[in-house]
Amino acid sequence: MIPAQFDYVAPASIEEALSALAEGGDDAKIMAGGQSLLPVLRMRLNAPELVIDLGRIDSLRGVRDDGDAIVIGAMTPHSEVQTNSLVHEHTLLISRAVAEVADPQVRHRGTFGGALAHADPAGDLGAPALALDAQFVVAGQGGTRTIDADDFFVDLFTTALEDNEILTEVRIPKRTGWGAHYEKFVRVAHQWPIVAVAAAVRVEGNTIAEARVGLTNMGSTPLRARSVEEALVGQPATDDAVRAAAASAAEGTNPPTDLNGDADYRRHLVTVLTRRAVLAAAER
Ligand SMILES: Cc1cc2nc3c(=O)[nH]c(=O)nc-3n(C[C@H](O)[C@H](O)[C@H](O)COP(=O)(O)OP(=O)(O)OC[C@H]3O[C@@H](n4cnc5c(N)ncnc54)[C@H](O)[C@@H]3O)c2cc1C
């Protein structure tokens with residue numbers, strides 16, 4: 001379908017974008033890569049009167065080293081995050097997960113911030129961001145504020161962003177030297193995950209000293225598997241020990257039932273994927 005008619009602006013600064021957003025009110029919508037927004041408009045699930053394209057705001061794009069964190073601009077395309085050496089060295093889990101987002105075409109247009117702001121529970125970037133304690137820097141008319149990952153994802157397609165705010169960058173604390181893996185389960189290549197598991201571990205000798213585990217599509221938001229994290233610490237990185245820790249991965253989850261599988265299937269699947277993700281992370 002063709003979208004309903006809308007006005008289009010492409011401001012050159014964050015300030016101009018915020019002014020356009022304030023003027024447009026409820027009838028305005030931010031556009032990043034357009035990879036999720038345009039299908040929504042074409043299906044007429046949303047019909048904003050004004051689309052504000054962030055594509056000309058250079059300050060929103062790029063990756064930088066900020067001491068104890070790697071900072072990824074909201075408008076940085078997935079393909080740039082995927083190949084960035086800082087991201088790879090200090091936040092390997094993000095490199096691993098972003099490589100699993102869709103296909104090269106979508107990764108070329110879609111953005112890191114757009115995917116997180118969209119907050120699709122099957123999106124591949126929420127669980128790694130949550131597992132690594134990312135912080136979301138947000139600009140509004142009153143200035144900027146920072147939202148912790150624990151508070152950012154509120155519900156299905158809903159974040160803590162207010163209607164008049166723009167996500168500007170995502171700060172990811174460095175975990176240099178940690179192993180990481182993103183285990184995504186799909187029926188055919190380049191699909192959204194039925195379930196996926198993001199794991200990052202720090203191994204000393206053959207013992208897991210620290211662990212972070214995030215779950216994709218096991219509820220209306222990305223989830224942390226805290227009981228698995230706690231069970232892993234102090235354990236050897238062996239199949240038996242990791243399998244035992246992974247057994248509690250579905251604890252506290254509320255997975256959906258759909259044509260790809262019912263909730264019980266996903267509860268079983270997540271234990272299998274957690275074991276695979278943690279063992280693969282520990283090898284690196
Ligand atoms: C065929 C296809 C397959 C895909 N497969 C996957 C997949 O397997 N895994 C996966 O994770 N994703 C997948 N995606 C989605 C992809 O990751 C998109 O890039 C992402 O969902 C949206 O990013 P975007 O930059 O295109 O944002 P847009 O579509 O432009 O925006 C998405 C939403 O976020 C809001 N928004 C965007 N940027 C900001 C900002 N800076 N501040 C405030 N609000 C903002 C917009 O207003 C809109 O509501 C797929 C998309 C397509 C088309």
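Remember, it's a predicted structure, so these values are computed and weren't measured experimentally. As the structure lists them, so they are numbered: ligands from 1, and atoms in each ligand from 1. As a basis for the values below, the full set of heavy atoms in this structure was taken, side chains included, without hydrogen atoms, waters or symmetry mates.
Put simply, the side chain of Phe152 does not reach to within 4.5 Å of the side chain of Gln135, judged on heavy atoms. A 4.5 Å side-chain heavy-atom check between Asp258 and Arg266 finds at least one atom pair inside the cut-off. At a threshold of 4.5 Å between non-hydrogen side-chain atoms, the residues Val195 and Leu215 do not count as touching. Counting only heavy atoms from C-beta outward, the side chains of Thr271 and Arg275 never approach each other to under 4.5 Å. Using a 4.5 Å heavy-atom cutoff, the side chains of Ile57 and Leu54 are in contact.
Checking only distances, Ile30 does come within under 3.5 Å of ligand 1, N or O to N or O. When only interatomic distances are considered, the shortest N/O to N/O separation between Asp103 and ligand 1 does not fall below 3.5 Å. Polar contact with ligand 1: absent for Ala74 (N/O pair, distance under 3.5 Å). At a 3.5 angstrom cut-off on N or O pairs, His78 counts as close to ligand 1. Among the atoms of Leu125, none of the N or O lies under 3.5 angstrom from an N or O of ligand 1.
Ring centroids of His118 and Phe157 are separated by less than 6.0 Å, placing the two rings close together.
Counting only heavy atoms of the protein, atom 22 (C) of ligand 1 lies nearest to Ser36 OG, 3.4 Å.
A donor-acceptor pair under 3.5 Å is formed between the side chain of Asn84 and the backbone N or O of Val87. With hydrogens and angles ignored, the 3.5 Å screen pairs no side-chain donor or acceptor of Lys174 with any backbone N or O of Thr91.
Residue Gly110 approaches ligand 1 through these ligand atoms, each under 4.0 Å from one of its heavy atoms: 19 (O), 25 (O), 26 (O).
Of the listed residues (Leu161, Ile57, Asp124, Ile52), the one carrying the non-hydrogen atom nearest atom 11 (O) of ligand 1 is Asp124. The heavy atom nearest to atom 7 (C) of ligand 1, out of those in Ala17, Ala102, Gly126, is found in Ala102. Of the candidates Phe157, Phe112, Trp192, the one placing a heavy atom closest to atom 14 (N) of ligand 1 is Trp192.
In Gln191, the part holding a heavy atom less than 4.0 Å from any atom of ligand 1 is the backbone. With a heavy-atom cut-off of 4.0 Å, Leu37 touches ligand 1 through backbone and side chain alike. Residue-level proximity to ligand 1 for Lys29 is carried by the side chain, the only part with a heavy atom below 4.0 angstrom. Residue contacts with ligand 1, taken as heavy atom pairs separated by less than 4.0 Å, involve Lys184 solely via side-chain atoms from C-beta onward. Residue-level proximity to ligand 1 for Leu54 is carried by the side chain, the only part with a heavy atom below 4.0 angstrom.
Ion pairing between Glu80 and Arg61 holds under the 4.0 Å rule for side-chain N and carboxylate O.
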